[in-house]
Number of protein chains: 2
Amino acid sequence: MDILTQTEENYLKAVFKITENDEKVASTNAIAALMNTSPASVTDMLKRLAGKGFLNYEKHRGVNLSEHGNVLATNLVRKHRLWEVFLVKMLDFSWDKVHDIAEQLEHVQSDELVERLDLFLDRPQFDPHGDPIPDADGKMTMRKQILLSTLAPNNEAVLVGVQESAATFLQYLDKMRLSLGTQLKIIERFEYDGSVKIMLTGGEEITISHKVCENLFVQKTK
Amino acid sequence: MDILTQTEENYLKAVFKITENDEKVASTNAIAALMNTSPASVTDMLKRLAGKGFLNYEKHRGVNLSEHGNVLATNLVRKHRLWEVFLVKMLDFSWDKVHDIAEQLEHVQSDELVERLDLFLDRPQFDPHGDPIPDADGKMTMRKQILLSTLAPNNEAVLVGVQESAATFLQYLDKMRLSLGTQLKIIERFEYDGSVKIMLTGGEEITISHKVCENLFVQKTK
DNA sequence: AATTATTTTTAGACTGGCCTAAAATTTAGA
DNA sequence: TCTAAATTTTAGGCCAGTCTAAAAATAATT
């Protein structure tokens, strides 16, 4: 019986997001910060979700997803990203506007809907921010991408994803004419503040801050 | 400040549905029956929604929508029907499966989403069950449709809508090869039980019950 | 190692949305 | 018209999800 409330689903997603990279467990505080709620509320919910078998939880030790919880969370990510593709590709939304709407759409319950949407969109592998879309079995194709901040001068690369997807950041990229697929070459890295001068296709040269570099995923092309 | 919970929205829709035809007001019991809830719960909610200005409510008198509430409810109907069109036209769902999914999708909050969806679907005027879709200003094009049960023998007509949209009824129509746009001619009406023999395009003759006739909207063609 | 700072949990309370049972009101019938 | 039936509302309580404040546990610092 896998009928969770939207709130419960959001908690699972939060744990997923926090633990998907390095972290082994998600802390109460981290979850509270991510969800704009109080640590006390988080503790309550963690106990509920652990009781239902979606989380592994020991007092004061943080949580992570059980196998069952992981399936649920992955499916939510799949739905979220598929809807984002729909919004951008079909409804012509800009990539900085789709997150909030997809947050709502991802909670619609219908396996058949997801399957048909996936088919309609031609089984996309990446969402508008370059994030991989899990397939119906939870598998996703990973790219050998690196952060732009780790790339040495003279290398050439193509922008394939963003780490952060806050609207303000995406709008900044739009202004700079940086979009997924953009080819670029590292001209110079300034050690003083970590900013980097890059050349875009067409020869235009721009300088971007270290913070921006840390939020751009690229693949080396030469 | 028009942020309602999904439940509140569902109550407004229920009042809309009950009062859209003949009834001047919706009774507590009628709402409770439609929403599968108890009359006591309905009374609670009616007071809340009236307090927020969405309903006109006097004790023991039933309710109807305020101007404000009517705008909200109409917009919900618009969203519901647009999503149904999307599901059938774009995702190739059959018309008996879309209601429940649209019930969820209609609660997604984004005016821009609705506008873009409407445009994407080419501003449809009717949903897959033949119901009119309100435009952004709440106006809808009404057809001069009548119930098949009121049509006399020898008249020819085209099926343009269904009154009831329960899955079992729609599946029955599919089996009988009755779909929107189907041309038909009344051959004979049996007074005994109100059933009617009709001829479809192609010459096939079928007999349908009075109950079915009362749930089919047609337009006379001759 | 002892104390301080941080994190996490508990306790108690609030709202929304629901319930059942009982009271009040309206409607229908004799 | 007066009583019975049906409808509606009130009363009181439950659960999910949230909060603040305080207590407990863990981590950091001296």
Side-chain angles (χ1 to χ4, degrees), chain A residues 1-15 18-19 22-65 69 72-73 76 103-104 106-107 109, chain B residues 1-15 18-19 22-65 69 72-73 76 103-104 106-107 109:
Chain A
M1 200 65 68
D2 277 2
I3 295 163
L4 299 195
T5 65
Q6 292 197 187
T7 306
E8 288 173 325
E9 289 191 339
N10 286 334
Y11 274 91
L12 289 187
K13 265 212 333 176
V15 175
I18 292 169
T19 57
D22 32 2
E23 313 297 331
K24 296 230 78 143
V25 298
S27 74
T28 302
N29 264 3
I31 296 169
L34 189 60
M35 300 191 67
N36 272 313
T37 187
S38 72
S41 303
V42 174
T43 300
D44 276 356
M45 184 59 89
L46 296 186
K47 287 196 286 191
R48 279 238 307 283
L49 288 172
K52 293 184 182 182
F54 297 108
L55 295 177
N56 303 312
Y57 169 63
E58 285 174 88
K59 274 189 191 180
H60 301 103
R61 291 277 124 91
V63 290
N64 56 28
L65 294 166
L72 268 272
L76 281 168
E103 285 284 302
Q104 299 180 65
E106 74 191 3
H107 296 294
Q109 303 279 2
Chain B
M1 200 66 68
D2 277 4
I3 295 162
L4 299 196
T5 65
Q6 293 198 185
T7 307
E8 288 173 324
E9 289 191 339
N10 286 334
Y11 273 90
L12 289 187
K13 265 210 332 174
V15 175
I18 292 168
T19 57
D22 33 1
E23 312 297 331
K24 296 231 80 145
V25 298
S27 75
T28 303
N29 264 4
I31 297 169
L34 190 59
M35 301 190 66
N36 272 312
T37 185
S38 73
S41 304
V42 173
T43 301
D44 276 356
M45 183 60 87
L46 296 186
K47 288 196 286 192
R48 279 236 307 281
L49 288 172
K52 293 184 183 182
F54 298 108
L55 295 178
N56 303 312
Y57 169 64
E58 287 173 85
K59 276 188 188 178
H60 301 101
R61 292 274 125 91
V63 290
N64 55 29
L65 294 166
L72 269 271
L76 280 169
E103 285 285 302
Q104 299 180 66
E106 73 191 6
H107 296 295
Q109 304 280 1

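Per chain, numbering begins at 1; letters A, B, ... match sequence-line order.
Residues that satisfy the side chain to side chain donor-acceptor pair (under 3.5 Å) test with B:Asn56, not counting sequence neighbours, are B:Asn64. Every side chain to side chain contact (heavy atoms under 4.5 Å, CB included) that A:Glu9 has, sequence neighbours left out, goes to A:Leu4, A:Leu76, A:His107, A:Gln109. Considering only residues two or more places apart in sequence or on other chains, B:Asn29 meets the side chain to side chain contact (heavy atoms under 4.5 Å, CB included) condition with B:Ser27, B:Pro39. The side chain to side chain contact (heavy atoms under 4.5 Å, CB included) check on B:Ala50 picks up B:Leu55, B:Tyr57, with sequence neighbours excluded. Applying the salt bridge (Lys or Arg N to Asp or Glu O under 4.0 Å) criterion to A:Lys47, with sequence neighbours excluded, gives no partner residue. In this structure B:Ala14 satisfies the side chain to side chain contact (heavy atoms under 4.5 Å, CB included) test together with B:Ile31, B:Leu34, B:Met35, sequence neighbours excluded. Scanning for side chain to side chain donor-acceptor pair (under 3.5 Å) contacts around B:Thr7 gives an empty result, with sequence neighbours left out. Residues that satisfy the side chain to side chain donor-acceptor pair (under 3.5 Å) test with B:Lys59, not counting sequence neighbours, are absent from this structure. Taking the side chain to side chain donor-acceptor pair (under 3.5 Å) definition, one finds that A:Glu106 meets it with A:Lys13, A:His80, sequence neighbours left out.
Across all strands, A:Thr7 comes closer than 4.0 Å only to sugar-phosphate atoms, never to a base (heavy-atom distances).
Of the side-chain N and O atoms in A:Tyr11, one or more sit less than 4.0 angstrom from OP1 or OP2 of D:dT18. Proximity of A:Thr37 to the phosphate of D:dC19: a side-chain N or O atom is located under 4.0 Å from OP1 or OP2. Not one side-chain nitrogen or oxygen of A:Asn29 sits closer than 4.0 Å to the OP1 or OP2 atom of C:dT6. Residue B:Thr28 places at least one side-chain N or O closer than 4.0 Å to OP1 or OP2 of D:dT9.
Between A:Asn36 atom CG and D:dT18 atom P the separation is 12 Å, expressed in whole Å. Taking atom NE2 of residue B:His60 and atom P of nucleotide C:dA24, one finds them 11 Å apart after rounding to whole Å. Look at CD1 on A:Ile18: it is 14 Å from P on C:dT7, rounded to the nearest Å. Look at CG on A:Leu49: it is 12 Å from P on D:dA16, rounded to the nearest Å. A:Ile31 has its CD1 atom 9 Å from the P atom of C:dT8, to the nearest Å. Atoms CD (B:Gln6) and P (D:dA16) sit 18 Å apart, rounded to a whole Å. The nearest whole Å value for the distance from the CZ atom in A:Arg61 to the C1' atom in D:dT26 is 8 Å.
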If you restrict it to nitrogen or oxygen atoms, what contacts under 3.5 Å exist between nucleotides 1-5 of chain C and the protein, and what is each distance?
none

Every protein N/O within reach of nucleotides 10-12 of chain C N/O, cut-off under 3.5 Å:
residue : atom : partner : partner atom : Å
C:dT10  : OP1  : A:Lys59 : NZ           : 2.9
C:dT10  : OP2  : A:Lys47 : NZ           : 2.5

Nucleotide N/O of nucleotides 14-16 of chain C paired with protein N/O under 3.5 Å:
none

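You'll find the side chain of B:Phe54 reaches within 4.5 Å of the side chain of B:Leu72, heavy atoms only.
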Any chance you could lay out the side chain to side chain contact (heavy atoms under 4.5 Å, CB included) test for A:Glu8 and A:Lys52, step after step, and finish with the verdict? CA-CA 11 Å; A:Glu8 288 173 325; A:Lys52 293 184 182 182; 2.7 Å; yes

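In terms of modelled atom types and a separation under 3.5 Å, the side chain of A:Ser41 and the main chain of A:Thr37 share no donor-acceptor contact.
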